[in-house]
Amino acid sequence: MSRPVYSRQSPFGKRFYQSGVDQYFNNIRTGKAILWTTIGANVAVFCGWQYAQNLSRGSMADILSGAMSPNSSRLKPIHFLNQNFLCSWDHIHKGRYWTLLTSAYSHQNLGHLAGNMFSLYAFGSVLLSVGLSPVVFATVVCGSAIAGNIGFLYHQARGKRARQSYGLGASGAVMGTGAAAALMLPTAPMLLFGFIPVPLFVLLGGYVYYDSYYLDDPNSVVGHSAHLGGAAFGAASYLLLLRRFGGVLGRFR
């Protein structure tokens with residue numbers, strides 16, 4: 001009876017296989033490092049906001065009473081964060097284009113920060129599990145953040161939001177990462193509210209429906225347009241960069 005020839009009999013085949021396995025795990029390790037660095041940067045900026053707000057608390061009353069100058073050093077941290085970590089048309093008109101990205105690392109509320117970072121880690125971990133390169137992963141996260149803010153500004157330009165309002169938070173990056181992951185591994189199990197198991201595509205579909213429904217609600221303080229802009233970039237990233245790894249369109253790659 002004939003016996004199959006296994007690849008382990010060839011040192012070249014074994015070396016090629018081992019190289020691929022090593023690259024897969026290296027990509028995951030580096031991607032996780034990028035993910036944790038992103039979370040750490042968000043936490044650092046959040047701490048900066050708390051420090052600046054505490055330092056400037058009561059400052060306006062002191063300025064109006066003449067007890068403190070508007071140029072006081074106590075106001076410098078809050079001025080710096082306002083100018084560099086918020087997204088608005090005013091900043092774009094003044095050439096602060098970097099705020100399209102830096103505002104995605106900015107949270108003033110602990111609940112906002114915790115929700116976004118938990119979701120980013122969950123979606124990012126699913127996306128990294130396919131072994132995509134760190135460069136591609138960083139492109140999805142950062143590109144989704146920028147696209148989300150562009151969506152926010154576009155929505156303002158259409159007159160759906162007050163032009164003087166500003167945006168901040170990683171929600172665009174979260175939605176983009178989640179959209180790419182949902183197209184890559186649609187049935188990956190997730191926990192809604194931390195305890196209700198649902199497939200990833202159902203969870204993301206629900207988010208997209210919710211944001212679309214409330215997009216033009218004048219009473220909503222949520223940046224739904226930023227969420228949808230990030231999700232659109234994540235979907236485009238799957239179509240252009242990720243479908244070769246499989247997913248819902250993997251058969252057409």
Side-chain angles (χ1 to χ4, degrees), residues 38-53 56 77-121 123-124 138-180 204 206-237:
T38 301
I39 292 173
N42 274 270
V43 172
V45 175
F46 170 77
C47 292
W49 277 112
Q50 305 315 300
Y51 170 76
Q53 289 171 343
S56 63
I78 200 74
H79 285 329
F80 174 81
L81 290 169
N82 283 334
Q83 292 176 0
N84 293 283
F85 288 90
L86 297 177
C87 177
S88 69
W89 274 111
D90 181 59
H91 287 341
I92 298 302
H93 290 153
K94 292 179 179 178
R96 300 181 188 130
Y97 303 112
W98 58 87
T99 56
L100 290 172
L101 178 61
T102 56
S103 61
Y105 290 80
S106 182
H107 299 79
Q108 296 176 345
N109 178 274
L110 181 59
H112 190 201
L113 172 72
N116 274 344
M117 294 305 98
F118 177 82
S119 299
L120 181 62
Y121 181 81
F123 296 152
T139 298
V140 173
V141 174
C142 294
S144 297
I146 294 171
N149 280 320
I150 291 174
F152 171 76
L153 294 175
Y154 174 74
H155 198 231
Q156 281 189 328
R158 290 178 57 224
K160 302 299 184 180
R161 289 273 182 169
R163 289 292 289 260
Q164 68 269 24
S165 64
Y166 60 85
L168 76 167
S171 299
V174 169
M175 288 293 290
T177 304
L204 257 294
Y207 280 146
V208 171
Y209 175 80
Y210 173 82
D211 286 318
S212 299
Y213 185 83
Y214 287 102
L215 179 62
D216 294 328
D217 185 352
N219 298 316
S220 176
V221 296
V222 176
H224 301 291
S225 53
H227 298 181
L228 294 173
F233 185 90
S237 297

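Residue indices begin at 1 and follow the sequence shown.
Across all their heavy atoms, Ala179 and Ala231 have their closest contact at CB-O, 3.5 Å. Scanning both residues, Ser237 and Val140, for their nearest heavy atoms gives CB-CG2, 3.9 Å. Scanning all heavy atoms of the two residues, the minimum distance from Ser144 to Gly234 falls at OG-N, 4.0 Å. Residues His224 and Asp211 approach most closely at ND1-OD1, 2.7 Å, considering heavy atoms. Here the closest heavy-atom approach between residue Asn42 and residue Ala170 is recorded as OD1-CB, 4.1 Å. Annotation for Ala173 and Leu120: closest pair O-CD1, 4.4 Å, computed over non-hydrogen atoms.
Between the side chain of Trp89 and the backbone N or O of Leu153, at least one donor-acceptor pair lies under 3.5 Å. Thr99 contributes a side-chain N or O that, together with a main-chain N or O of Arg96, makes up a donor-acceptor pair within less than 3.5 Å.
Residue Phe85 holds its CZ atom at 9.0 Å from CH2 of Trp49, rounded to the nearest 0.5 Å. Remark: Leu228 CG to Phe233 CZ distance equals 15.5 Å, nearest 0.5 Å. To the nearest 0.5 Å, atom OH of residue Tyr154 and atom CZ of residue Arg158 are 5.0 Å apart. Rounded to the nearest 0.5 Å, atoms CD (Gln83) and NZ (Lys94) are 7.5 Å apart. Atom OH in Tyr121 sits 13.0 Å away from atom OG1 in Thr38 (nearest 0.5 Å). Taking OG from Ser88 and CD from Gln156, the interatomic distance works out to 7.5 Å, rounded to the nearest 0.5 Å.
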Check the pair Asp216 / His155 against side chain to side chain donor-acceptor pair (under 3.5 Å), numbers first and verdict last.
CA-CA 9 Å; Asp216 294 328; His155 198 231; 2.8 Å; yes
Verdict with reasoning, Ile92 to Leu100, per side chain to side chain contact (heavy atoms under 4.5 Å, CB included):
CA-CA 8 Å; Ile92 298 302; Leu100 290 172; 4.0 Å; yes
Evaluate side chain to side chain contact (heavy atoms under 4.5 Å, CB included) for Tyr166 paired with Leu168, printing each intermediate quantity in order.
CA-CA 7 Å; Tyr166 60 85; Leu168 76 167; 3.9 Å; yes
Can Met175 and Tyr207 be said to form a side chain to side chain contact (heavy atoms under 4.5 Å, CB included), step by step?
CA-CA 8 Å; Met175 288 293 290; Tyr207 280 146; 3.7 Å; yes
Does the pair Cys142 and Leu101 meet the rule for a side chain to side chain contact (heavy atoms under 4.5 Å, CB included), with working shown?
CA-CA 7 Å; Cys142 294; Leu101 178 61; 4.1 Å; yes
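Between Met117 and Val174, every side-chain heavy-atom pair lies at or beyond the 4.5 Å cut-off.
Between the side chains of Asn116 and Ser171, at least one donor N or O lies within less than 3.5 Å of an accepting N or O. For the 3.5 Å distance criterion, the side chains of Asn84 and His91 fail to qualify, holding no donor opposite an acceptor. Using a 3.5 Å distance cut-off with no hydrogens or angles, the side chains of Ser103 and Asn149 do pair a donor with an acceptor.
Relative orientation of the Tyr214 and Tyr210 rings is tilted, given thresholds of 30° and 60° on the angle between their planes.
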